[in-house]
Structure formats: structure tokens, C-alpha cells
Amino acid sequence: MPELPEVETTRRGIEPYVKEQVIVDVEVREPRLRWRVPAGLAQKLKDARVLSVERRGKYLLLSTSSGTLIVHLGMSGSLRMVTDDIAPQSHDHVDVSFSNGLKLRLRDPRRFGSVLWTRSDPFRHPLLASLGPEPLSHAFDGNWLHETARGRRAAVKTLIMNSRVVAGVGNIYASEALFLAGINPARSAGRISARRFGSLADAVKQVLEEALVQGGTTLRDFVNGAGEPGYFAQSLRVYGREGEACIKCGSAVRARVLGQRASYYCPRCQR
DNA sequence: AGTGCGGCCTGTCCGC
DNA sequence: TGCGGACAGGCCGCAC
């Protein structure tokens, strides 16, 4: 499911309901996620107060007075606030119950998501420590991309989907940003000028910010903390539009697989 | 070091 | 209507 805008939409949606709340219970119905959910979470988190709800790349960090819960939504995960009387359905794997009577419920049919736990600095957790800059931060710009791409022959789309290069750009927004920047997704990363990388960095930021305003993209599973879909799907310029007319030039949008992922582009506008 | 794959899962859709 | 296969918003871990 979720790329950065969806994760951030989720973060914003749940924060008001969980921040400052005290955890009264954690129920794990299915621990077999991407990594096994650590045992004894209820004991670890009982009576802990939620201090903050942050995001790093596509990871959500619930920092508490006892430690930090690190949540990743994988391909099909969603988090929502539910009241006590809403019975869990299949694929509702984890509930975190708060003293205000609400529960934070993780649903993840494909179970590519994860729920991790650390008592130390979550940003130094092995899975987070090597993440590249946040795409919406000043650290991410054309110069960073240009330097990172030096000597690399891999496709530029693969490069910007590499979380060590930039954190949180997934398959949809990579295609969208490359379209905006006019760069062919298969172009070798090391053969792109600094100037064009400047356009690409700007395009990444623009696309992510637009999607954020719309509450993210719902293709299938994604819902925000209140169970509502995002509306950016209707604004997608090339993703999923194979054979349709390019919105700029009218050429047929093409699809091809790069790095095992479907990629959409206009063969005329993107070189 | 960088690159390209296999694999982890379930659900859905398409063609036969 | 049933069935096999492809595909889906992520990304680690491994072989080369």
C-alpha cells in the first residue's frame, strides 16, 4: 500500500488520538509479519505513555515512556483508530488499547508489514539507520542525487526507489516524479546531468506534497486513521495509465518492468 | 560497491 | 463456474 504520503496521512490521522494517551493493553492475534512481532509487547507497553508519533521514511515511530514501537505498513497494511465495540476482522493482527477507550488497529492482509520494538534510539535501529534523507527535507536535492548517482549504471527509477538514496519514494510516486521531470525511468542514473537531477528532486517533492494534500493514493487497501481512502489516485499522471494518452503530448503511455516493478512513462516526453 | 533477483504473503483479476 | 497464473502500493538478504 503505502508510500510516504500514505504513511504521513496515517501519522497525522492517529496522532491526536494516541499522543499523551496511556497504553492499557496490546493484543497480538497474528505475530507472523515480515518479522515476528516481539513477544510480551503487552507487558512492555502497559502503563506506558505515548510521547510522540513520528515518521521516518515509511516507518511510523510511536515513542513511549518505555520504548518505541516501530511500525511499517508493507504493501497492504493500514492503521486505524477504532472504538472498543468494533470486533476485529480477519487480517486485523494487532490492537494497541489506550486509556481513552480507543484502539489502534493494524490490518495487513499480505503481512509484509512489521511491528518492532526498541528501548534505544529508534533512528539507530538497523532498519532505519541506513535510510537516506527525507525527500521533503532540504538534505534531499539535485546535488545529493547527482553525487549519489555518480558511476551508477542502474535505471534512475531504481535509484530513487532505493531507500538508502532517499527514504519513502515508492513505485507510484517514482513514476509520477520522473514524468514531471521529463526523465525516462530506464535512463542510466550516472548519465543524468546535475541540472536534470535538480528537476527530479523538485518533482519528487511536488508529487509527494500534492498527494499529501489529497490524503494519499488509494488503489485498493489504503485507508487513513479514520478508515477513509485517499483521493490522489484521480490525479495520477502516468501510473496505471498504460495505453492512455499522455496528458502533455497525447502519445500513448507505456509500461515496462524495471527492477521487477511496473513503470509507466511517456516515450515522447521522457528522455 | 553496485546490481539483480528470490522470497515473503493474500487477494483479485484475467484468460481459458 | 472453476482454475491457473500474473500481478499488486515494500524491501531484505543473498549471490555475483
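Predicted, not measured: the structure shown is a model, and the values here were computed from it. The chains referred to below are lettered A, B, ... by the order of the sequence lines, with proteins before strands, and numbering in each begins at 1.
Across the protein-nucleic acid pair, A/L131 atom CG and C/dG10 atom C1' stand 12 Å apart, rounded to whole Å. In this entry the distance linking CE of A/M161 with P of C/dC12 reads 12 Å, nearest Å. Atom CG in A/L128 sits roughly 13 Å away from atom C1' in C/dC11 (whole-Å rounding). In this structure, CD of A/E242 is placed 15 Å from C1' of B/dC13, rounded to the nearest angstrom. Taking atom NE2 of residue A/H93 and atom C1' of nucleotide B/dT10, one finds them 9 Å apart after rounding to whole Å. For A/R32 and B/dC8, the CZ to P distance is 13 Å, given to the nearest whole Å. Atom-to-atom, NE2 of A/H91 to P of B/dC9 comes out at 14 Å; the value is rounded to the nearest Å. Distance CD (A/E3) to C1' (C/dG10): 9 Å, rounded to an integer number of Å.
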Check nucleotides 13-16 of chain C against the protein and report each pair of N or O atoms closer than 3.5 Å, with its distance, or say if there are none.
none

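With salt bridges taken as basic N to acidic carboxylate O contacts below 4.0 Å, one links A/E8 and A/R12. With respect to A/R150 and A/E147, no salt bridge is recorded, no charged nitrogen being found less than 4.0 Å from a carboxylate O. Between A/E3 and A/K58 there is no salt bridge, since no side-chain nitrogen of the basic residue lies less than 4.0 Å from a carboxylate oxygen of the acidic one.
The environment of A/R195 atom CZ is sparse: at most 12 non-hydrogen atoms of other residues, nucleotides or ligands sit within 6.0 angstrom. The environment of CZ in A/F140 is crowded: more than 12 heavy-atom neighbours from other residues, nucleotides or ligands sit within 6.0 Å. More than 12 heavy atoms of other residues, nucleotides or ligands sit less than 6.0 Å from atom CZ of A/R29.
Put simply, the side chain of A/Q270 gets close to the backbone of A/L178: a donor and an acceptor are under 3.5 Å apart.
Partner of A/P135 under the side-chain contact (heavy atoms from CB on, under 4.5 Å) criterion, chosen from A/V204, A/V207, A/I160: A/V204.
No side-chain N or O of A/E210 forms a donor-acceptor pair with one of A/S235 less than 3.5 Å apart. Looking only at atom types and distance, the side chain of A/D221 has no donor-acceptor partner in the side chain of A/S76 under 3.5 Å away.
Near DNA chain C, meaning a heavy atom under 4.0 Å from it, residues 254-265 of chain A has A/R261, A/A262 in order of number. Within residues 150-160 of chain A, no residue has any heavy atom closer than 4.0 Å to DNA chain C. At a non-hydrogen distance threshold of 4.0 Å, A/R110, A/F112 from residues 105-124 of chain A come into contact with DNA chain C.
In terms of heavy-atom proximity, A/L219 sits nearest to A/L236 at CD2-CD1, 4.4 Å. The nearest pair of heavy atoms linking A/D92 to A/R105 is OD2-CD, 3.5 Å. The shortest heavy-atom contact between A/L159 and A/R152 is CD1-NH1, 3.7 Å. Smallest separation of non-hydrogen atoms from A/F222 and A/T218: O-OG1, 3.0 Å. Considering every non-hydrogen atom in both A/R49 and A/E20, the closest pair reads NH1-O, 2.6 Å. Residues A/H146 and A/F197 share a closest heavy-atom pair of CA-CD1, 3.6 Å.
Note on residues 165-192 of chain A: pairs passing side-chain hydrogen bond (donor to acceptor under 3.5 Å, both in side chains), not counting sequence neighbours, are A/E6-A/Y173, A/K157-A/N171, A/Y173-A/T217.
Distance from the side chain of A/Y239 is smallest for C/dA8 among the nucleotides B/dT10, C/dG10, C/dA8.
Base pairing in DNA chain C yields stems of at least 3 consecutive Watson-Crick or G-U pairs, both distances under 3.5 Å, namely B:2-8 with C:10-16, B:10-16 with C:2-8.
Atom name P, nucleotides B/dG6 and C/dA6: the rounded distance is 13 Å, in whole Å.
Taking 4.0 angstrom as the limit, A/H72 places a side-chain polar atom (N or O) nearer than this to OP1 or OP2 of C/dC11.
Here A/Y59 lies in heavy-atom contact (under 4.0 Å) with sugar-phosphate atoms only.
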